[in-house]
Amino acid sequence: LSFKIVNHIFGSFPEFENERWLSITFARQGKSTIYLSIMTPYLYTGIFLAVASTLLFQIHTTQPSPYMDEIFHVPQTIQYCKNNWTSWDPMITTLPGLYVTANGLLRLLALVSGEPLESICTTLLLRSVNVFLATACCFVLMKLASALQLDMSGTSSSVDQFSGFVLSCLPLLYFFSFLYYTDVVSTLFVLCCYWLSIRDKHVLAALAGVVSICCRQTNVVWVGFAAAVSALRILQKQSSTFGKLSESNKSLLYLIPEALRHFPALVTALWPYIPVVVSFAAFVVYNDGVVVGDRTQHQVSFHAAQMCYFALFSAIFAAPHFLQFKIVRSAALNLWESIKQPLILLFSLSAILACVTKGRYVHKYLLADNRHYTFYLWRKLLSRSPETRLAMVPVFFLAFLMVFTTLSHGYGRKPVWTLIYVLATAAVCVPQQLLELRYFIVPYLLLRLHMPRAPVWCLSLELLIYASVNALTIYLFLYKPFPWPSEQGLQRFMW
């Protein structure tokens with residue numbers, strides 16, 4: 001009955017139709033058993049919201065005033081709450097998607113509560129909006145995990161719901177759920193865009209993509225990613241040749257000819273993405289660049305080392321998945337094959353060495369702001385000495401090896417998909433001058449979602465690691481403040 005009610009309210013979701021439910025036996029009479037059944041996605045979402053709300057109260061009690069970038073985001077939203085739509089802080093570099101979204105939600109709250117909009121447009125309520133959006137992220141991640149695993153394996157499992165829930169606790173995403181930053185809303189609409197696209201709802205996917213771009217301009221890359229993956233799925237269905245070779249390297253040779261052959265079908269299905277990309281290109285020409293506001297510290301660069309940093313980031317947070325026997329065995333075989341081909345191995349190591357020596361960029365924010373963990377990561381490890389950088393080369397190589405080996409058991413067995421993903425990740429990360437781990441959130445979530453289904457023990461270990469890191473970072477933020485001589489108030493550690 002509850003399943004029918006939920007489907008009536010929220011619509012039918014095929015990926016949940018064969019889903020197991022969390023069942024609690026509360027009475028037994030002979031052979032008959034009465035169950036209290038709760039559909040797991042909504043249970044996980046409720047747990048996420050309850051814990052996050054409790055933490056938000058504690059964080060806001062300790063730091064009630066806007067902190068770090070909130071000093072720009074909160075006042076800008078307050079101006080919109082006052083209907084001052086022409087006001088703009090020139091220090092803000094993103095489009096006003098976050099402020100418009102929060103304004104709309106607060107207007108709805110004001111309508112329901114009967115309170116004036118200006119009286120509820122406060123730091124606490126704006127942070128609460130982010131917690132609400134983070135909860136929505138949790139829900140969408142569970143839907144995406146179910147849909148993608150159903151596509152990969154042909155079966156659905158409650159493990160997929162748990163996997164999506166675990167991902168919603170990713171430390172970078174989780175921490176910024178409690179501050180009024182753009183990361184959560186940006187991630188939410190990228191995930192919605194991708195989820196809608198794999199359900200072939202391309203008009204809605206394109207609209208979600210527009211909102212994501214309005215929250216962070218570089219999300220246009222992920223809109224293109226969603227369109228490209230949808231095109232790949234269409235080719236696999238309509239082209240018998242390409243469909244048979246989808247898991248072979250030969251598919252790369254047939255990609256362009258088959259795309260041209262089925263070009264009318266691709267345009268018919270994917271036309272909603274065209275005006276989005278064209279409009280963004282027109283915006284870039286009109287704006288003379290991607291960044292709005294202060295551009296001095298957000299110049300485009302060729303920061304190739306970002307891909308190495310992202311590989312290490314992914315290897316650390318996805319480490320429990322590498323402990324599966326099939327992954328360890330495949331990684332060992334891949335490493336042995338690399339050793340047997342010394343020229344390829346030498347080329348790979350040389351490319352990584354070139355990235356971390358010649359392809360790195362040292363942003364002045366990275367050197368000057370000791371409130372961020374990247375400040376210490378850079379000083380203590382990544383730039384300690386030439387010898388340290390040299391020693392990191394095999395570490396980066398192993399990170400790439402483990403990530404791609406694990407991915408090869410999932411969507412990575414499709415070379416074209418892997419190429420699309422790598423190009424999209426490079427397009428987002430490499431132009432960024434600043435080593436900022438928040439930029440890795442979306443590419444990591446997509447990477448992790450496309451890995452093969454993991455056993456419960458693996459996901460439980462992953463959740464334990466995430467929870468431990470979250471507990472540590474929140475503890476440091478709350479209880480280990482320190483003064484800056486040049487700034488009023490206490491400073492706090494954060495990602």
Side-chain angles (χ1 to χ4, degrees), residues 15-16 18-23 39-41 43-45 47-48 51 137-175 187 191 310-335 395 398-414 417-418 421 437 440-473:
E15 60 267 29
F16 289 156
N18 298 318
E19 192 56 64
R20 288 188 297 168
W21 294 34
L22 176 65
S23 300
M39 193 158 54
T40 48
L43 175 66
Y44 287 137
T45 304
I47 293 172
F48 183 95
V51 174
C137 265
C138 175
F139 194 68
V140 175
L141 279 168
M142 287 187 286
K143 290 186 177 298
L144 258 175
S146 295
L148 291 172
Q149 292 298 333
L150 182 63
D151 185 42
M152 277 190 282
S153 64
T155 60
S156 59
S157 169
S158 57
V159 173
D160 303 333
Q161 314 300 324
F162 185 46
S163 178
F165 173 74
V166 171
L167 263 183
S168 68
C169 300
L170 177 70
L172 272 295
L173 180 63
Y174 197 76
F175 183 88
T187 301
L191 294 175
F310 173 68
L312 185 60
F313 174 92
S314 301
I316 291 172
F317 284 108
H321 294 262
F322 306 156
L323 301 178
Q324 301 174 72
F325 176 76
K326 63 180 180 180
I327 304 300
V328 173
R329 182 176 179 274
S330 296
L333 291 173
N334 290 338
L335 181 59
V395 176
L398 290 176
F400 278 114
L401 177 72
M402 295 307 299
V403 167
F404 282 107
T405 298
T406 308
L407 196 59
S408 67
H409 287 262
Y411 261 73
R413 62 178 182 262
K414 301 177 181 179
W417 184 92
T418 303
Y421 172 77
L437 299 182
F440 297 160
I441 292 176
V442 172
Y444 176 77
L445 291 177
L446 292 174
L447 173 72
R448 170 61 177 72
L449 282 166
H450 290 85
M451 287 182 176
R453 180 181 290 139
V456 174
W457 68 263
C458 176
L459 296 173
S460 300
L461 178 58
E462 186 179 23
L463 179 60
L464 178 62
I465 293 172
Y466 286 3
S468 300
V469 174
N470 286 331
L472 177 61
T473 52

Original post:
Is a donor on one side and an acceptor on the other found under 3.5 Å between the side chain of Asn470 and the backbone of Cys169?
Top reply: yes
**OP:** Report yes or no: does Asn334 contribute a side-chain atom to a donor-acceptor pair with the main-chain N or O of Ser330 at less than 3.5 Å?
**Re:** yes
Subject >> Closest non-hydrogen atom pair between Arg453 and Gln324, with its separation >> reply: O-OE1, 4.2 Å
**OP:** Provide the closest heavy-atom pair for Ala399 versus Ala311 in the form atom of the first, atom of the second, distance.
**Re:** CB-O, 3.6 Å
Original post:
Can you check side chain to side chain contact (heavy atoms under 4.5 Å, CB included) on Phe165 and Thr45, steps first, answer last?
Top reply: CA-CA 8 Å; Phe165 173 74; Thr45 304; over 6 Å; no
**OP:** Would you check if Leu459 and Leu463 make a side-chain contact, meaning some heavy-atom pair closer than 4.5 Å?
**Re:** no
Original post:
Quick one: are Ser460 and Phe162 in side-chain contact, heavy atoms under 4.5 Å?
Top reply: yes
Original post:
Would you say the side chain of Thr473 lies within less than 4.5 Å of the side chain of Tyr174, judging by non-hydrogen atoms?
Top reply: no
Original post:
Which heavy-atom pair separates Val159 from Ala454 by the least distance, and what is that distance?
Top reply: CG1-O, 3.3 Å
Original post:
Hey, does the side chain of Tyr421 reach the backbone of Pro443 with a donor-acceptor pair shorter than 3.5 angstrom?
Top reply: yes
Subject >> Approximate separation, where rounding is to 0.5 Å, of Asp151 CG and Ser146 OG >> reply: 12.5 Å
Subject >> Heavy-atom pair of closest approach, residues Pro41 and Phe139 >> reply: CB-CE1, 4.1 Å
Subject >> OH-CD distance between Tyr44 and Gln161, expressed to the nearest 0.5 angstrom >> reply: 8.0 Å
Original post:
How close do Leu167 and Leu141 get, heavy atom to heavy atom, and via which atoms?
Top reply: C-CD1, 4.0 Å
**OP:** Compare all side-chain heavy atoms of Phe175 with those of Val469 and state whether any distance is below 4.5 angstrom.
**Re:** no
**OP:** With side chain to side chain contact (heavy atoms under 4.5 Å, CB included) as the test, would you mind laying out the steps for Leu144 and Leu445 before giving the verdict?
**Re:** CA-CA 10 Å; Leu144 258 175; Leu445 291 177; over 6 Å; no
Original post:
Just by distance, do the side chain of Thr405 and the backbone of Met402 share a donor-acceptor pair under 3.5 Å?
Top reply: no
**OP:** Could you tell me whether the side chain of Tyr466 and the main chain of Phe317 form a donor-acceptor pair under 3.5 Å?
**Re:** yes
**OP:** State, with a plain yes or no, whether a side-chain heavy atom of Tyr444 is found less than 4.5 Å away from one of Leu170.
**Re:** yes
**OP:** Check whether the side chains of Ser163 and Arg448 place a donor and an acceptor atom closer than 3.5 Å, and report yes or no.
**Re:** yes
**OP:** Please round to the nearest 0.5 Å and tell me the distance separating atom CG of Leu398 and atom CG of Leu335.
**Re:** 6.5 Å
Original post:
What's the shortest heavy-atom distance between Leu173 and Ser168, and which atoms?
Top reply: CD2-O, 4.3 Å
Original post:
Side chains of His409 and Ile327: closer than 4.5 Å at any heavy-atom pair?
Top reply: yes
Original post:
Is a side-chain donor or acceptor of Gln149 paired with a backbone partner of His450 at a separation under 3.5 angstrom?
Top reply: no
**OP:** Measure the spacing between OG of Ser408 and NZ of Lys414 and express it to the nearest 0.5 Å.
**Re:** 14.0 Å
